[in-house]
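So the structure is just underneath, and the comments pick up after that.
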Amino acid sequence: MISYALSTVQQIFYSDLACEALTKTYSPSDANDWSVDDSSVLYGLGQWGDNYFSINKKGHISVSPKGKGHECLDLMDLVQALESRNLKLPLLIRFDDILEDRLTRLHKAFEKAIKHYKYQGEYQGVFPVKCNQHRHVVEELMTCGHRWNFGLEAGSKAELLIALSLIDNPKALLICNGYKDQRYIETTILARQLGRQPIVVIEQANEVERIIQASRNIGAAPLIGIRAKLSSRSSGRWGNSIGATAKFGLSIPEILTTIKQLRNANLLNDLRLLHFHVGSQINDIAILKDALQEAGQIYIELTRLGAPMQYLDVGGGLGVDYDGSQTATEASTNYSLQNYANDVVATIKESCESNDIQVPTLVSESGRAIASHFSVLVFNVLGRSVLPADIPSIKKNESLIVRNLRETLTFIQKIPKTSNIDSSQLQESWNDAIKFKEDALNAFRLGYLNLSERAIAEQLTWACAKVLVEHLPNCSHIPEDLKALRSTLAGTYFANLSIFRSAPDTWAIDQLFPIMPIHRLDEEPNQLGHFADLTCDSDGKLTRFINNGQIKPLLELHELKANEQYVIGMFLGGAYQEVMGNLHNLFGSTNSVHLRLTTDGGYNLDHVVRGNTKADVLEAMEHNPKTLLERLRIASEEAIQRGSLKIGDAQRLMDHLETSLRQSTYLHE
Ligand code: PLP
């Protein structure tokens, strides 16, 4: 393994603790022999890639959908092949083999734990449909999960419909969560008669009466579960999913009342499941252990109260290590999948055995951990903007303000590049530069400076900033003002996507995803930048990047090359993103493809789902594309009559509009 070496640019921009340590290994000669291993370390691929993603000799991301040691695909080559089939970027590539592998890993972990702890019960998982409701995703999970009787969890009536029709295995569970009205409950009772295994989970106290009523109406009972509102501690973004004020679940007094009501209605015999959910993305395994102990005791008490309990459903929450740091931070987890399975199995076994109660079938509702890895969002960069910081050549008779700025720049350039620079000296020079820039602006407003002189003044100010920032790694203390200069000088890369459509959690809840170029990884990324999306919303940016347990505001990127695409991948976004995405600025869904490896090392495009056209998104807002076109046709006819538009140009305009309606909402060359 090579030692990690940062380029000069990276040294300039990162002086936070993590990076300071790394800069120490830098020596200028390292910068010339950048290798794919350097990129792998820089972007943390070995940590978050979970053996699905690596870098090949060509400097491209390589995807091993079945895990390490199996066939792999060159992601950049794949993107080019898809583009040649008119599947343009941005593109969502779904690797169904990864989905299957996630499911296999989950079941193997539980099988191993069950064997290790000699657990006398089974594990039977379900997939929470809300995590990714796309038909191909749910169908794929049902097909490859059949061998484990893998089921589904529904959180609404529409999801119930999906689950009822897609589960064709009578042994698979259908966990019915969410708010329930009479029709929802009656449907589950009838579905039980259909040969499915729906379990209606009581999440609100008022659902008990509805269940009793529905059972009377139909003359049959549903399988019943209770969701407990645990009191164990929690943490993280979804920590308020438990505790007294949680939205869902019954408190202990409510559980006792429910038992009485069910007994009186002769339905206690149908109570089979206890469910809890401590929140998505559990970062700290200790939280889960506490919850399991509390739930284990409730399960035992329910059995003692006469319910023929069968299942303990530990909900979702199995986390994804988005930054690969293996820490209890928000973008990571301090446990592995195997630790998780071990804790569930061991804790419940201990609780039940010490109370002489038969252990339950263990159910989990993992969504994120199953669906995150399998889809990769790939987008291209449309351009880059940087502040003009080149030093302009000296002109005759320059104004005093411009000369002042030149002097300030020369002064900063002459500061020796030794260690332990006094930062107050830098701060003073920057204050001078800012003062002169303001003078230039005032002089321009009053007409004493012309446009090109103002441009020179601005360029000189940014040139001062650039040289100042180069000195920062040699300062022991960096004033906040100067720290902010780093981001100001970094480049903005314009991304052909809408984060509100394709990565909404980055905006809504500051979720971090691994983001990196998918090619040119054998080249040193000697620029720093962030991404701005296509929407005209200033929030439409990606400005937080993974950094081994920390967050960095800028990502190492490459200089753009003329006539060559620069393609970026956003990884681990298969859960929740597409479903939560919205039509902000009317950017619609991207093209997406589902592919499977073939035995000869190639791949099959199993499904291609074309993204929304402009006509689609307009219709979603109840505009009729034909009416819009007709109005414009009439307007161009009038312009032709007035003589302001030629007939040929009017036709050209209508052609553009008509073609555009049939095309994707994103930009294409
Ligand atoms: N089950 C329930 C009841 C949930 O509310 C959620 C999501 O928060 C899940 C399962 C899925 O959680 P995760 O995606 O963290 O596995």
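All values reported here derive from a predicted model rather than from experimental measurement. One-based numbering, in listed order, for ligands and for the atoms of each.
Contact analysis puts P128 in contact with ligand 1, with a non-hydrogen atom separation below 4.0 angstrom. The closest approach between a heavy atom of Y576 and any atom of ligand 1 is below 4.0 Å.
For ligand 1, the atoms lying closer than 4.0 Å to a non-hydrogen atom of R227 are 3 (C). Within the listing of ligand 1, atoms 12 (O), 13 (P), 15 (O), 16 (O) sit less than 4.0 angstrom from a heavy atom of G317. In the vicinity of S366, heavy-atom distances shorter than 4.0 Å reach the ligand 1 atoms 16 (O). Heavy-atom contacts of Q281 reach the following atoms of ligand 1: 15 (O) (cutoff under 4.0 Å).
Looking only at atom types and distance, the side chain of Q47 has no donor-acceptor partner in the side chain of D323 under 3.5 Å away. No hydrogens or angles considered: nothing links the side chains of S498 and T535 as a donor-acceptor pair under 3.5 Å. A donor-acceptor contact under 3.5 angstrom links the side chains of N132 and H134, judged on distance only. Defined by atom type and a distance below 3.5 Å, a donor-acceptor pair is missing between the side-chain atoms of T333 and D321.
Remark: of the listed residues Y322, F571, Y43, F571 is the sole one forming a ring-ring contact (aromatic ring centres under 6.0 Å, His included) with W48.
Checked against the 6.0 Å centroid threshold, F500 and F587 do not count as a close aromatic pair.
Counting heavy atoms closer than 4.0 Å to ligand 1, residue E365 contributes atoms from both its backbone and its side chain.
In this structure, CE on M580 lies 10.5 Å from CH2 on W507, to the nearest 0.5 angstrom.
For ligand 1, the polar-atom distance check finds no N/O of H275 at less than 3.5 Å from any of the ligand's N/O atoms. Of the N or O atoms in S280, one or more lie within a sub-3.5 Å distance of an N or O in ligand 1. Where the criterion is an N or O separation shorter than 3.5 Å, residue side chain and backbone included, G367 meets it with respect to ligand 1.
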